[in-house]
Amino acid sequence: MTPKQAGYRMPGEFEPHAATAMIVPERRGSWPYGAMRAMPAFLEIWRTIAAEERLYLITSEEIRPRVEKLLRHDRSIELLTLPQDDAWARDTLPSFVRDGAGQMRGICWDFNAWGGDYDGLYQDYQQDAALGQRFCDAIGVPAVRPGIVLEGGSIHTDGQGTILTTEACLLSPGRNPDLSREEIAATLCDYLGAEKVLWLPRGIYNDETNEHVDNVCAFLRPGEVVLAWTDDESDPQYALSHETLAYLERVTDARGRRLTIHKLPIPAHPVCVTEDDLAGLDFAPGEDVREPGERLAASYVNFYFTNQSVLLPQFGEENAASDAAAVRLMQSWLPDRRIVPIPARELLMGGGNIHCLTQQIPE
């Protein structure tokens, strides 16, 4: 019996959480200077979440003493010592589903470092691939394995039967080349308790995850989405966002509703890798190597809902005006939420952003 047949569904991220799970950053090929530059942003995220809901924080045995010292025994944060390869909790931890009685299951997708031998970002990902099951065991939630390659950042749900994903990601040759679009959609619906998959054509330009949906489009509530946008025709994102908008304007969700689409402009100035960033990185053999001047996939859509707030990326310096505009827009669309700006340039340097680093566990 599939989770859907047993009455399970994946709630929307904006629905109440029992907890959030994150991973302490360590990988030296992702986080410059041993993650020291990114740590202030991580601490701000951890403390904001822990003030509103429980936080499970996964750490290696090696650095656990340092993490305990940083957190000063905050009782809202539960440390779990589990081996892992990087900090992308969204992609390596389970997607959680719940039934009408509040029972949960962890949907543990297969993980191959965003593309495996075809175009994966690193070769040694055995600990990340095993992390979903280990996390379920640690928190006492039964795990279910659909048997397909998928990362949590490649899907969003409205909690009412609709799944968002991108063709660029889930149909990429490095995921499930032997499965058709229809077979992938059926698996998503069977395991997430959904009725309909909306296949956005594209994501954010130069997104090394093969254009995860959580960087380009997200539900604010059922029937309402936010879309990364630019009016600059010279920007490579322009064509991608316009193609996605055209798709969203002609589809309906699982309940037959036309979507309300809010355009959220990307930063006015591209965020790029510097020589100084590269000097602090130590790439492992076979790991995807960054280049100076490389454009990073900066987007304000990579935000995260907590129980009362929204953690919103900010890119600083020459993008201060864009940052402020994103805060104003999000506050206007979510008047009942507190918008918490998080300095996120150093998170982006790691390869993702706030949503990529977090995984909600429903109430």
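The figures that follow rest on heavy atoms only: side chains count, while hydrogens, waters and symmetry mates do not.
No donor-acceptor pair under 3.5 Å is formed between the side chain of Glu44 and the backbone N or O of Ala41. Remark: the backbone N or O of Gly174 is paired with a side-chain donor or acceptor of Asn112 at under 3.5 angstrom. A distance-only check finds no donor-acceptor pair linking the side chain of Thr2 to the backbone of Tyr191 [under 3.5 Å].
A heavy-atom distance below 4.5 Å is not found between the side chains of Leu227 and Val301. Put simply, the side chain of Pro267 reaches to within 4.5 Å of the side chain of Tyr300, judged on heavy atoms. Side-chain atoms of Pro3 and Met10, non-hydrogen and from C-beta on, never get closer than 4.5 Å to each other. Residues Pro222 and Asp253 have side chains not in contact (no heavy-atom distance under 4.5 Å, counting atoms from C-beta outward). Taking 4.5 Å as the limit, some side-chain heavy atom of Leu296 sits within range of a side-chain heavy atom of Arg290. Side-chain contact between Phe135 and Gln359 is absent, with no heavy-atom pair separated by less than 4.5 Å. Using a 4.5 Å heavy-atom cutoff, the side chains of Thr59 and Leu80 are not in contact. Arg9 is not listed as a side-chain neighbour of Leu192, based on a closest heavy-atom distance of 4.5 Å or more.
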Side chain to side chain donor-acceptor pair (under 3.5 Å) assessment of Glu211 paired with Asn215: CA-CA 7 Å; Glu211 302 175 22; Asn215 220 20; over 6 Å; no
Would Thr209 and Asp207 count as a side chain to side chain donor-acceptor pair (under 3.5 Å) here? Give the steps. CA-CA 5 Å; Thr209 65; Asp207 186 341; 2.7 Å; yes
Can you list the steps and then say if Arg98 with Glu15 is a salt bridge (Lys or Arg N to Asp or Glu O under 4.0 Å)? CA-CA 12 Å; Arg98 182 185 66 196; Glu15 295 184 55; 3.7 Å; yes
Go through the steps for Ser234 and Asp232 under the test side chain to side chain donor-acceptor pair (under 3.5 Å), then give the verdict. CA-CA 5 Å; Ser234 68; Asp232 181 359; 2.6 Å; yes
Verdict with supporting geometry, Ile204 and Gln237, side-chain contact (heavy atoms from CB on, under 4.5 Å): CA-CA 7 Å; Ile204 290 291; Gln237 184 60 39; 3.8 Å; yes
Yes or no on ring pair (Phe, Tyr, Trp, His ring centres under 6.0 Å) for His262 and Trp229, after CA distance, side-chain angles and deciding distance? CA-CA 9 Å; His262 300 289; Trp229 189 255; over 10 Å; no
Intermediate values then yes/no, side-chain contact (heavy atoms from CB on, under 4.5 Å), Arg257 and Asp158: CA-CA 12 Å; Arg257 293 172 293 212; Asp158 65 354; 3.9 Å; yes
Do Asp235 and Thr230 pass the side chain to side chain donor-acceptor pair (under 3.5 Å) test, and can you show the C-alpha distance, the side-chain angles, and the key distance before you say yes or no? CA-CA 8 Å; Asp235 192 298; Thr230 179; 4.8 Å; no
Apply side-chain contact (heavy atoms from CB on, under 4.5 Å) to Leu131 and Ile23, showing your working. CA-CA 11 Å; Leu131 185 59; Ile23 304 167; 3.7 Å; yes
His156/His212 under ring pair (Phe, Tyr, Trp, His ring centres under 6.0 Å): CA gap, chis, key distance, verdict: CA-CA 10 Å; His156 263 310; His212 271 183; over 10 Å; no
Leu259 vs Leu198, test: side-chain contact (heavy atoms from CB on, under 4.5 Å). Steps then yes/no. CA-CA 11 Å; Leu259 296 171; Leu198 300 182; 4.0 Å; yes
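Note on Val225: it clusters hydrophobically with Leu334, by side-chain heavy-atom contacts below 4.5 Å among ILVMFWY residues. Hydrophobic clustering (ILVMFWY, side-chain heavy atoms < 4.5 Å, transitive): Leu55 and Leu82 are in distinct clusters. Residue Trp109 is grouped with residue Leu164 when hydrophobic side chains (ILVMFWY) are merged at heavy-atom distances under 4.5 angstrom, including chains of intermediate members. Residues Met39 and Trp88 are members of one and the same hydrophobic cluster, defined by side-chain heavy-atom contacts under 4.5 angstrom among Ile, Leu, Val, Met, Phe, Trp and Tyr. Leu200 and Tyr238 fall into different hydrophobic clusters, defined by Ile, Leu, Val, Met, Phe, Trp and Tyr side-chain heavy atoms under 4.5 Å apart, directly or through other members.
Cation-pi contact between Arg54 and Tyr56: present, with separation from the ring centre below 6.0 Å and deviation from the ring axis of at most 45°. Under a cutoff of 6.0 Å and an axis angle of 45°, Arg37 and Trp31 do not form a cation-pi pair. Phe14 does not carry Arg337 over the face of its six-membered ring by the limits of under 6.0 Å from the centre and within 45° of the normal.
Looking at Thr252 and Lys196, their side chains do bring a donor and an acceptor atom within 3.5 Å of each other. Between the side chains of Arg134 and Gln84, no donor-acceptor pair is found at a separation under 3.5 Å.
With rounding to the nearest 0.5 Å, the separation of CZ in Arg338 from CE in Met330 is 14.0 Å. The line from OG of Ser309 to CG of Asp336 is 12.0 Å long, rounded to the nearest 0.5 Å. To the nearest 0.5 angstrom, Asp85 atom CG is 10.5 Å from Tyr125 atom OH. Atoms CD and NE2, on Glu53 and His17 in that order, are 5.5 Å from each other to the nearest 0.5 Å. Taking CD1 of Ile184 as the reference point, atom OG1 of Thr165 lies at 8.5 Å (rounded to 0.5 Å). How far CG of Leu312 is from OH of Tyr304: 15.0 Å, rounded to the nearest 0.5 Å.
A salt bridge is defined here as a Lys NZ or Arg NE, NH1 or NH2 lying under 4.0 Å from an Asp or Glu carboxylate O, and Glu195 with Lys4 meets this definition. Between Glu167 and Arg181 there is a salt bridge, with a side-chain nitrogen of the basic residue lying less than 4.0 Å from a carboxylate oxygen of the acidic one. A salt bridge does not link Arg64 to Glu61: none of the charged side-chain nitrogens sits closer than 4.0 Å to a carboxylate oxygen. Taking a cutoff of 4.0 Å between a charged side-chain nitrogen and a carboxylate oxygen, Asp110 and Arg145 qualify as a salt bridge.
Of all non-hydrogen atoms in Ala228 and Ile266, the two that sit nearest each other are CB-CG2, 4.0 Å. Of all non-hydrogen atoms in Val289 and Phe283, the two that sit nearest each other are CG1-CE1, 3.7 Å. Shortest non-hydrogen contact noted between Ile163 and Ala194 is CG1-CB, 3.6 Å. Contact detail for Ala21 and Ala89: the closest heavy-atom pair is O-CB, 3.8 Å. Across all their heavy atoms, Arg27 and Ala284 have their closest contact at NH2-CB, 4.3 Å.
Note: Phe303 and Phe305 have perpendicular aromatic rings, judged against thresholds of 30 and 60 degrees for the angle between ring planes. Aromatic ring orientation, Phe111 versus Tyr122: tilted (interplanar angle from 30° to 60°).
Annotation for Glu317: atom CD does not count as buried by contact number, only 12 or fewer foreign heavy atoms lying within 6.0 Å.
Of the residues listed (Asn353, Asp277, Asn319), the one engaging Arg345 in a side chain to side chain donor-acceptor pair (under 3.5 Å) is Asp277, and it is the only one.
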